[in-house]
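Report on one structure; see the data block that follows.
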Amino acid sequence: MVTLTRTTVAGREKVRGRHHRGESLTKVLFVLPAVVAMVALFGYPVVKNLLMSLQDYGLKTFFTGAAPWVGLKNYSTVVTDKLFSDAMLNTALFTVGSIAFQFAIGLGLALFFRNRFPLSGLLRSLLLLPWLLPLIVSSATWRSILEQDSGILNRTLLKLHLIGDPVPWLNSPSVALIAVIGVNIWIGIPFNVTLLYSGLAEIPDELYEAGQLDGATGWRAFWYITWPNLRAVASVLLMLGVVYTIKVLDIILGLTGGGPANATQTLATQSYEKSFVDFRFGQGAALSNILIAISFVFAIFYLRGTRRAVDE
Amino acid sequence: MMRRTAYTVIGVLILCVMLFPVYWMLNASLQPSGNTLTAGFLPLNPTFSGYKRALDEQGGNLVTSMIIAAGTVVLSLAIATPCAYALSQFRSRWVSVGLLAILISQMIPGIVIANALYTAYERIGLLNSIPGLIVANCSSGIPFAILILRSFMLSLPPSLVEAARVDGAGLFRAFVAIVLPISKNSLITAGLFSFLFSWSDFLFALTLTTKGGVRPVTLGIYQYLGTQVQNWNAVMATAVLSAVPAIVLLIAAQKYIAAGAIGGAVK
C-alpha cells in the first residue's frame with residue numbers, strides 16, 4: 001500500500017514534468033499563428049519597403065527579376081521632385097485641419113450628449129454611421145453632393161443667395177483641399193465623439209459636486225475639472241488621429257484622385273501613384289518610408305509625453 | 001422636463017445634419033437615370049432602375065466582397081483569439097513586446113503592405129485572387145481582434161481555467177471548452193469589425209487586382225466614379241447596397257460597435 005502510493009506520487013511528478021514541457025509547447029502554439037501573421041503582414045512589408053527604396057525596382061524588375069542597388073537615389077529623386085514640398089504641405093494641412101475640427105466638434109457633441117435626455121443613447125449610436133461606412137461609399141456620396149453644376153450643396157447655396165456662381169468644390173485647385181478636409185472631418189467626428197464621451201463618463205460626479213461648492217460651474221467647471229481629467233483620453237485620441245490621418249488614401253483617391261492639378265496630393269497618394277501608376281516601386285517605397293518615419297516621430301513624442309505624465 | 005425635451009430636439013437636429021449625406025445617397029439612388037443630379041429633397045417618384053442596373057453590373061462584385069469579408073473574419077479570429085488569450089493570461093516578458101508590436105503595426109500605412117504584397121503575390125500567383133485579398137485584409141482584422149479580445153480576456157479569473165485543468169483537460173481543451181464560450185460577446189465584436197474592415201477595403205482591392213476576374217464592390221464604385229459619372233442613380237444604388245452591412249451591424253449590434261470603437265483605441 002505504502003509503496004503503491006509512493007510510486008504514484010513519483011509517477012505523477014514525472015507526468016507533471018512532461019506535462020510542463022508539453023505545456024510550454026502548447027503555449028507557443030497559442031501565439032505562433034499570430035506571430036507568423038504579424039511578421040508576414042507587417043514585418044516583411046516594412047523590411048521589403050526598406051530594401052525596395054534602395055533599389056531600382058520598376059516594371060522591368062517583374063520581367064527580368066533584376067533590381068539593381070542604387071543607394072539613396074530614390075530618396076533624392078522623390079525629395080527633389082517639384083511635387084514633394086506640395087505633398088508635404090498638403091499632408092500637414094490635411095492632418096492638422098482634419099484633427100483640429102474633428103476633435104473640437106467631437107468634444108462639443110460629447111459634452112452635449114453628457115446631458116441626460118430621452119433618446120440620447122440611441123442618437124449617439126446612430127451618429128456612428130458615417131464612421132462605419134466604407135470610405136469609398138462616403139467618397140461617392142460626397143462627390144454627388146459637391147458636384148459643381150447639379151450637386152445639392154451648390155443648388156442650395158445658390159437658392160439661398162449665399163453664392164453667386166456654383167463653387168467648383170472638387171474641380172478647383174484652390175478649394176479642393178478644403179473640400180477633402182471637410183469630408184474627412186465628417187468621417188472622423190463619430191469616432192471622436194465616442195471616445196471623448198467615454199472619457200467624460202469616467203469623470204466622477206463627486207468632482208463636479210465638490211467643484212460646485214467652490215463656485216466652479218459652466219466654463220470654469222470645464223476648465224478646472226473636465227479638461228484636466230480628459231487629458232489622457234484626449235492625448236491618445238490625438239496621437240491615433242495623427243497616425244491614422246497621415247496615411248489616409250481612400251478618401252482622397254475617391255474624391256479627387258490627387259487632383260485637380262495635384263492640389264490634393266499627399267505623401268500617401270504620391271506613394272500610391274509612384275508604385276501603382278508609374279510602376280516605380282523603389283520611389284513609391286521611399287515615399288512611404290518617409291511617411292512611416294513621420295508617424296514614428298509623433299508616436300515617440302506621445303510616448304515620452306505620457307511617460308512624463310506617469311512620472312509626475 | 002421642458003429642458004430635457006429641448007435637448008432631445010437639438011440632438012435629433014444634430015443627427016439629421018450628420019446623417020444628411022446618408023439620406024442623400026438613398027434619395028439619389030431612387031432617382032431616374034442620367035448624368036445630372038436634379039433630385040428634389042424627397043424621392044417623390046421613386047424608381048428602382050438604379051438598383052436594377054447596380055445589381056446587374058455589381059451583383060457579382062457584391063458576392064465577391066461578401067466572400068472576402070467572411071473569409072477575413074474566419075481567418076482573423078482563428079489567428080487572433082488564441083494569441084489574445086495568451087497575451088491576457090500567460091505570464092511572460094514577451095507579452096509587452098507583443099503589445100508594442102501591435103501598437104507599431106497600426107502606424108504602418110496600407111500602401112507599404114500593398115507594395116510588398118504586390119511583389120510577393122506576383123511571384124507566387126496570388127494577384128487577382130480571393131485568398132490573396134483575404135490574407136491582405138487580415139492585416140486590419142488581426143491586430144484589432146487581438147486588442148479587443150485581450151481587453152475582455154484580462155477580466156477572466158485564472159481560476160476558471162484552472163478548475164478545468166484539475167479535471168485533466170489540456171490547456172487547449174480548456175481554452176476551447178471554457179474560454180471561447182465565455183468570450184462570445186467580444187468574439188462577436190471582433191468579428192463584426194473584421195467583417196466591416198474587409199468589406200470596406202479599397203486599397204488592397206485597387207492594388208492587388210490587375211484585371212477583371214476578382215473585383216470587390218468598392219473597386220466597382222471607384223470605377224463608376226471614373227472621371228465623368230454617367231449614371232448617378234446606379235452609382236448611388238451601389239453605394240447604398242455597399243452601406244447595408246454597416247447599417248445592419250449598427251442597428252443589430254449597437255452595443256458591440258461602441259464597445260469595439262472604445263476597446264480598440266484605448267486598450
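Below, chain A is the first sequence line, B the second, and so on; all start at residue 1.
Ranked by heavy-atom pairs shorter than 4.5 Å toward chain B, the options A:T61, A:L132, A:L237 are led by A:L132. In terms of non-hydrogen atom pairs under 4.5 Å with chain B, the most contact-rich of A:V31, A:L126, A:L119, A:L291 is A:L126. In terms of heavy-atom pairs under 4.5 angstrom with chain B, the leader among A:G284, A:S295, A:S288, A:P118 is A:P118.
By the 6.0 Å contact criterion, CZ on B:F172 is open, its count of non-hydrogen atoms from other residues, nucleotides or ligands being 12 or less.
In this structure, the portions of B:V12 lying under 4.5 Å from any heavy atom of chain A include both its backbone and its side chain. If you measure heavy-atom distances from A:F276 to chain B, the contacts under 4.5 Å come from the side chain alone. Contacts between B:T238 and chain A at a heavy-atom distance below 4.5 Å are absent for every atom of the residue. In this structure, chain A has heavy atoms under 4.5 Å from both the backbone and the side chain of B:M18. Contact annotation for B:A120: both backbone and side-chain heavy atoms come within less than 4.5 Å of a heavy atom of chain A. At a 4.5 Å heavy-atom cutoff, the contact between B:V135 and chain A is made by backbone and side-chain atoms alike.
In terms of modelled atom types and a separation under 3.5 Å, the side chain of B:N61 and the main chain of B:T218 share no donor-acceptor contact.
Note: B:Y85 and B:F175 have tilted aromatic rings, judged against thresholds of 30 and 60 degrees for the angle between ring planes.
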